[in-house]
Protein chains: 2
Amino acid sequence: MTATTQPLAAAHGVGRALRPTGKVLPEHARAHNRSLVLAHLFHIGHASRADIARSTGLTRVTVSGLVAALIAEGLVEELGVRVEGKVGKPATLVGMRTEAFQIVAVDLTDDAHLLGAVMTLVGAVVDRRSVALEGRTGEAAADLLESLCRDLLAAATRPVIGVGIASPGVIDLDGTVVQAPNRGWYDLPLAARLTESLGVPVHVANDANTRALGEFTYGSAAGSGCMVVTIGEGVGAGIVVDGALVLGRHHAAGEIGHVTVVDGDVRDEPPLGCACGRSGCLETVLSVPALRRRTAGLSREDSDAALASVGRLLGIALAPVVSALDLAEVLLSGPPELLDGALRESALATVRARTMPVIGHGLALRMGSLDEDGALAGAAVLVLSGQLGVS
Amino acid sequence: MTATTQPLAAAHGVGRALRPTGKVLPEHARAHNRSLVLAHLFHIGHASRADIARSTGLTRVTVSGLVAALIAEGLVEELGVRVEGKVGKPATLVGMRTEAFQIVAVDLTDDAHLLGAVMTLVGAVVDRRSVALEGRTGEAAADLLESLCRDLLAAATRPVIGVGIASPGVIDLDGTVVQAPNRGWYDLPLAARLTESLGVPVHVANDANTRALGEFTYGSAAGSGCMVVTIGEGVGAGIVVDGALVLGRHHAAGEIGHVTVVDGDVRDEPPLGCACGRSGCLETVLSVPALRRRTAGLSREDSDAALASVGRLLGIALAPVVSALDLAEVLLSGPPELLDGALRESALATVRARTMPVIGHGLALRMGSLDEDGALAGAAVLVLSGQLGVS
DNA sequence: TTTGTAAGGAAGGTCTACTAACAAACGTGA
DNA sequence: TCACGTTTGTTAGTAGACCTTCCTTACAAA
């Protein structure tokens, strides 16, 4: 080979930008720093302006200005003087007014009911409503959703900063439902439409992703890399890498329910047909109905063995993902009586056995810390993040 | 269930920031916009100030200021007047001076030699040097690397903007080699040390990751999500999600070589022992030595069958990753005579058979567009990105 | 020759955050 | 008791970055 070779690409028209970046204006910096202060108060609870200045790196002057703006907006309030007696002028504490505003959250995961709630900014449920779908799909389902949102907005006892919706299906960044077969929605600009008709900002995201966001913000999921596997009628997942949700090329990231895990030529397990038209999918063994069928009428011992064998299949599917992303945690979300036992332990043992020690050793595979309200909590996070830049 | 439940978390001390954000100052905005203009010129080749203003969204005035600064730094030059006659004052084109500076890149992938090159900003190799390691490890290997860098810096015919190094092993964001067993390096702050001793900015990253960066910047890899699987003495991968490399909890993302793919209870393939102390790892069947052993002396037909069976194992390992991340592309980097045939086709067919149609259908699984200089090109991208904000 | 279009630059205004300086409030120690 | 140091939060002034507006230059088309 000669010392001088052809350029790897022509000088002109080489490649594309690594990250689709746009211009940054001073006002963007302002908005960023405002969110920085607000997020700090959200997570810490309360602090003095000087405290915030120290932990953000901004000057006291700048922080005072930002806090004054936040107080003017009603998002922050002064909480009086700090009692601890140290030297110097006592600090006046400020805190986010987490009880002064509310969020409306809706969970569309269930095939039979729409579940909604009025929540505080810290994820507490203030009021709940649910309506039966009674087979409605398409336009009728969307209308029912809108009326549920109106009910919840009317039920709120404080100003509502936004509506968050967790929906099954493929949903893009604008909150357009690309496809949600169970609801009969295709290319439905749900967020835009409801924002218009309700007069309140509406955010929509996939339910598994939302659940991951909820675990991440209100729960204890690791930000460096974690995956929340949601097990219900189907099996899905939301993945957080470097503090951001992974969306994927078709906004279909996390769709691990239809990865083949049961091969035709293996031992005694015949692959089962799946709703997706193929067979041997993870969902055919790991969905709640499949697990209930499999363990029905079995003794505790036999049931545990059956759950362990499913856990092994889950572990086999997880191992490559955990290795490739060097994940810190995998959380399971679903009925604990089925998941939090032999299944979980078997899955963890399998992942550890099938990955490098450095990766598998520190891995945690545990139940999510949120209960069935996980998707609602995540929907609330959509609003917090979208409207306040807090999460 | 009562309508009002406990908060999901206390109002104080809830969660953590979704993304570890810091303060943003106006000067950061300036630097960002400067990189934006430079990156535009890097990718487009040449354009008028007004063109840049239109495509970045900045005003002509701002772009003129940024371009003037870049010209003063010697990074950009005026290229004369555009010939195409349209109405209005003709535009004066400006372009990045891609030939006016050079980059030194070093590839430490090989166990026997250190490979280095002087490169232009567009990834063309101007000069090469290589030195035999002759068994050196630890301090001696680091010293040899430093002297190679000095040789290359002396061989450069233009000012060098930085040194990029692609090394095997686990490497953190600061360019510290956490562990690289083959080189005998543990917690070695390589980038800081060489930056100090060479007097030039030095960037270090994992070789599989740099290869992914190279494919991404100079090649044609998809930014929405792609994975570059490097197959050599070992098997590794670099993953780009949403335009950014995935690093992982222990900076060990991409280590898919040690995922178990051959089970003890399956058919006729006995799992082979692996250097990692376990058995059945992907690397035991997919590394170049393993492939050569497996196909040695076989007829073309038998060899293809053997390669196809390995491809199937690769596909089984890739399917969960492709599904979970909804990847657009998987690229293979390594000897084409082994990879670009039955192995690749079998792997693609296997991934498609084991994933949802929407995910597998549009997936591309092809050879990387860069040759054995891929790691060098990626190392150059480290410098472009680190020093100029261009990539 | 006139008219319209477009490029590039100069002047002035707004926004942002910083530094410097200061008053208020409190503990400490003589 | 009172001066002093420490810490908080504010005021005033400065530097940087971008914007809008206006101007000159330069060319094509009528």
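Just so it is clear, the model here is predicted, and its values are computed rather than measured. Every chain is numbered from 1 and lettered A, B, ... according to where its sequence line falls, protein lines coming before strand lines.
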Side chain to side chain donor-acceptor pair (under 3.5 Å) involving [X] - partner list, sequence neighbours excluded:
{"X": "A:H251", "answer": "none"}
{"X": "A:N33", "answer": "none"}
{"X": "A:R193", "answer": "A:E139, A:D143"}
{"X": "B:E77", "answer": "none"}

With the criterion being N/O to N/O and under 3.5 Å, what pairs connect the protein with nucleotides 2-6 of chain D, and how long is each?
from	atom 1	to	atom 2	distance (Å)
D:dT6	O2	A:G88	N	3.3

Nearest to the side chain of [X] - [options]?
{"X": "B:P90", "options": "D:dC18, D:dC27, D:dG9", "answer": "D:dC27"}
{"X": "B:K23", "options": "C:dC18, D:dT8, D:dC18", "answer": "C:dC18"}
{"X": "A:A50", "options": "D:dT8, D:dC19, C:dA17", "answer": "D:dT8"}

message: Give me each pair satisfying salt bridge (charged side-chain N to carboxylate O under 4.0 Å, His left out) with a member in residues 35-59 of chain A, each pair once, sequence neighbours excluded.
response: A:R49-A:E78, A:D51-A:R54, A:D51-A:R82

message: I need the full list of salt bridge (charged side-chain N to carboxylate O under 4.0 Å, His left out) pairs touching residues 24-34 of chain A, with sequence neighbours left out, sorted by first then second residue.
response: A:R34-A:E73

Distance, rounded to the nearest Å, where [X] contributes [atom1] and [N] contributes [atom2]:
{"X": "B:H28", "N": "C:dC15", "atom1": "NE2", "atom2": "P", "value": "22 Å"}
{"X": "A:L93", "N": "D:dT7", "atom1": "CG", "atom2": "P", "value": "17 Å"}
{"X": "B:L36", "N": "D:dA17", "atom1": "CG", "atom2": "P", "value": "16 Å"}
{"X": "A:D51", "N": "D:dG9", "atom1": "CG", "atom2": "C1'", "value": "12 Å"}
{"X": "A:I52", "N": "D:dT10", "atom1": "CD1", "atom2": "P", "value": "12 Å"}

- prompt: Are B:L70 and B:L38 close enough, and set up right, to give a side-chain contact (heavy atoms from CB on, under 4.5 Å), and what steps lead you there?
  reply: CA-CA 8 Å; B:L70 290 167; B:L38 195 57; 4.3 Å; yes

- prompt: Counting only side-chain N and O atoms of B:R30, is one of them less than 4.0 Å from OP1 or OP2 of D:dG16?
  reply: no

message: With a 4.0 Å limit, can you tell me whether B:N33 has a side-chain N or O closer than that to the phosphate oxygens OP1/OP2 of D:dA17?
response: no

message: Classify B:R54 by what it touches in the nucleic acid, base, sugar-phosphate, or nothing, heavy-atom distance under 4.0 Å.
response: sugar-phosphate

message: Return whichever of A:S48 or A:L25 has its heavy-atom-nearest nucleotide of DNA chain D closer to the 5' end.
response: A:S48

Which residue lies more 5' along DNA chain D, comparing A:T92 with A:V24 via nearest heavy atoms: A:T92

B:Q102 side chain to B:T157 side chain, donor-acceptor N/O pair below 3.5 angstrom: yes

task: Identify, residue by residue, the members of residues 59-80 of chain A with a heavy atom below 4.0 Å from DNA chain D, and return them in order of residue number, or none.
output: A:R60, A:V61, A:S64

query: Can you name the residues that form a side-chain contact (heavy atoms from CB on, under 4.5 Å) with B:T176, not counting sequence neighbours?
result: B:D172, B:D174, B:P189

- prompt: Want to settle it: does A:V81 or A:A31 sit nearer the 5' end of DNA chain C, counting the closest nucleotide to each?
  reply: A:A31

